[in-house]
2 protein chains.
Amino acid sequence: MHPTDEIENESNYTPAKYRTPDGAPSDIVMFTITSEDKGTGKKALPDRKLEVLLIQRKKWPFEGQWALPGGFSDENESMYDCARRELMEETSVADVHLEYFNVYSEPNRDPRGWIISHAFFALVHERYLADRKAQDDAADVRLFPVEEALAMELAFDHGRIVRDALERVRAKMRTTTIAKEFLPDEFTIGELYQVIRTVVPDFEEPNFIRKITSTRSRYGLLEEAKDEQGKPKQSNRYSQRAAQLYRFTGFVPELSIYG
Amino acid sequence: MHPTDEIENESNYTPAKYRTPDGAPSDIVMFTITSEDKGTGKKALPDRKLEVLLIQRKKWPFEGQWALPGGFSDENESMYDCARRELMEETSVADVHLEYFNVYSEPNRDPRGWIISHAFFALVHERYLADRKAQDDAADVRLFPVEEALAMELAFDHGRIVRDALERVRAKMRTTTIAKEFLPDEFTIGELYQVIRTVVPDFEEPNFIRKITSTRSRYGLLEEAKDEQGKPKQSNRYSQRAAQLYRFTGFVPELSIYG
DNA sequence: TTAATAGTGTCTGTTAGACAGTATTGC
DNA sequence: GCAATACTGTCTAACAGACACTATTAA
């Protein structure tokens with residue numbers, strides 16, 4: 001039991017005499033999907049890669065090693081506010097998907113002391129990271145393809161954190177509409193399918209377009225994009241033949257393993 | 001940025017000079033399902049209620065109010081270990097389902113200082129809480145039906161924590177096999193259905209038995225219990241007509257909103 | 001006999017899954 | 001015409017959802 005629990009009331013309350021944590025930082029696994037033109041001359045869907053942002057440490061501990069962006073919270077902000085602030089410092093955007101997913105508190109996980117880290121993942125559209133890309137490897141902040149990041153020896157327990165984040169994002173990719181974080185408001189079925197497969201490589205649905213338009217549409221997951229005259233909007237950005245544009249409706253179906 | 005980040009290496013490292021958290025407790029939302037015989041004389045499924053364990057505080061702050069069980073962590077244990085220790089103190093069992101689900105860190109959520117709370121939920125079979133039931137309202141530790149607990153004004157932000165926990169447990173009840181935490185190893189379809197409905201009242205599947213035995217069984221969610229001779233095992237504990245017993249196989253199907 | 005639960009029969013319309021085929025159009 | 005993506009046709013087996021029906025047996 002904690003010492004402060006022995007205190008009877010506010011008037012004679014004294015702060016804890018025992019050891020307290022040395023810090024409560026938040027760390028952010030920032031995912032983005034980069035697109036690169038296939039360069040064949042023909043119109044085609046771009047090559048997409050799931051990438052994660054890492055920072056090279058300049059100080060002890062783990063000097064020189066790559067780590068997740070993050071920083072210590074102060075007593076006037078929640079962990080979520082802290083994470084949003086850190087995200088803002090890295091990407092200069094505030095309105096991206098940011099979600100808490102786990103706490104990391106194993107003893108001695110940080111040689112600086114008793115430090116309990118709160119891990120978030122962020123899904124950032126590549127347009128927000130355009131500068132980052134230009135700077136490239138010269139900088140101490142870089143995007144790494146996830147497989148590459150997973151194979152690296154990261155600072156602290158950040159390797160574990162990246163693995164956990166990826167697992168969580170993959171699960172949510174299947175079961176929610178977070179794919180929209182990586183897509184424009186209006187997109188083609190081909191783009192949607194490609195984004196899902198970029199995050200979840202073993203997602204395969206040969207009849208994807210049919211399922212999502214002729215069956216699930218009954219439940220309102222997607223709706224066709226229309227122009228002012230109410231005519232269906234199409235795009236030929238990625239194909240010779242124009243494709244119908246869709247948008248998410250905001251509806252998320254309930255899932256159950258029992259029926 | 002945190003002051004310790006300014007330090008160059010271990011040799012000249014000094015601890016933080018700025019304020020650090022005053023404590024990192026874990027709080028536990030402990031759910032159980034109690035069964036009560038209908039008392040009609042006839043064999044019938046019991047009345048089941050989802051209940052949550054609360055403790056009445058004896059000290060400032062929130063003296064006299066009901067709160068979640070929990071306690072401060074120390075530097076030699078993870079938050080999970082801390083939660084398991086607290087759970088052990090309350091229920092004397094160690095092998096129940098215990099799962100982390102969120103952090104609560106709003107400034108001033110605790111008048112004692114900067115205290116960041118880590119919330120777990122536990123699913124405890126009622127057999128482990130038999131004593132608790134006997135003691136009843138006399139004690140300062142009691143089980144409350146969830147609706148009742150949600151309507152109470154709990155200490156700290158524990159009302160919010162209970163709501164969040166319930167939401168999480170309801171979602172997992174639909175999408176995973178955690179129902180098994182409230183069931184014996186072998187159970188009838190009727191029992192399973194009743195347990196699910198106790199946690200998720202709006203779960204309705206008129207053809208539940210058919211779906212789970214003749215369709216999903218293809219995917220191996222449940223298997224029939226058999227005795228040593230390989231003959232199907234049945235139970236008439238809750239019905240005149242004996243019902244087939246089933247067990248979970250350990251298989252959890254993957255869910256997707258896209259197909 | 002009745003109450004209480006366990007299960008089956010049967011019907012209709014929908015969906016899944018597979019695979020082949022046609023459509024469109026910039027290059 | 002080719003390449004690349006966007007669809008549509010068609011078939012079968014499985015499934016969902018509804019609702020009525022039979023089965024079993026202790027009290």
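Quick note on labels: first sequence line is chain A, next is B, and so on, each numbered from 1. No experiment lies behind these values; they were computed from the predicted model shown.
Between A:Arg237 atom CZ and D:dT5 atom P the separation is 14 Å, expressed in whole Å. Rounded to whole Å, the distance from CZ on A:Arg241 to C1' on C:dA23 is 4 Å. One can place CD of B:Gln244 at 15 Å from P of D:dT24, the figure rounded to the nearest angstrom. Remark: P of D:dC15 and CD1 of B:Ile212 are 14 Å apart, rounded to the nearest angstrom. The OH atom of A:Tyr238 sits 12 Å away from the P atom of D:dT5 (whole-angstrom rounding).
Heavy-atom nearest nucleotides on DNA chain C were determined for A:Gln240 and for A:Asn207, and the one closer to the 5' end corresponds to A:Asn207. When the nearest nucleotides of DNA chain D are assigned to A:Leu45 and A:Arg210 by heavy-atom distance, the more 5′-ward of the two goes with A:Leu45. When each of A:Ser214 and B:Ala243 is assigned the nucleotide of DNA chain C bearing its nearest heavy atom, the one mapping closer to the 5' terminus is B:Ala243.
More than 12 heavy atoms of other residues, nucleotides or ligands shown are found within 6.0 angstrom of CD on A:Glu223.
Between B:Asp164 and B:Arg160, at least one side-chain nitrogen of the basic residue sits less than 4.0 Å from a carboxylate oxygen of the acidic one, meeting the salt-bridge criterion. At a threshold of 4.0 Å, the pair B:Arg247-B:Glu224 does not count as salt-bridged, since none of the basic side-chain nitrogens sits closer than that to a carboxylate oxygen.
Contact of B:Asn236 with D:dA26 (side chain to base): no donor-acceptor pair of N or O atoms is detected under 3.5 Å.
Taking the six-membered ring for Trp and the full ring otherwise, A:Phe187 and A:Phe248 have centroids separated by under 6.0 Å.
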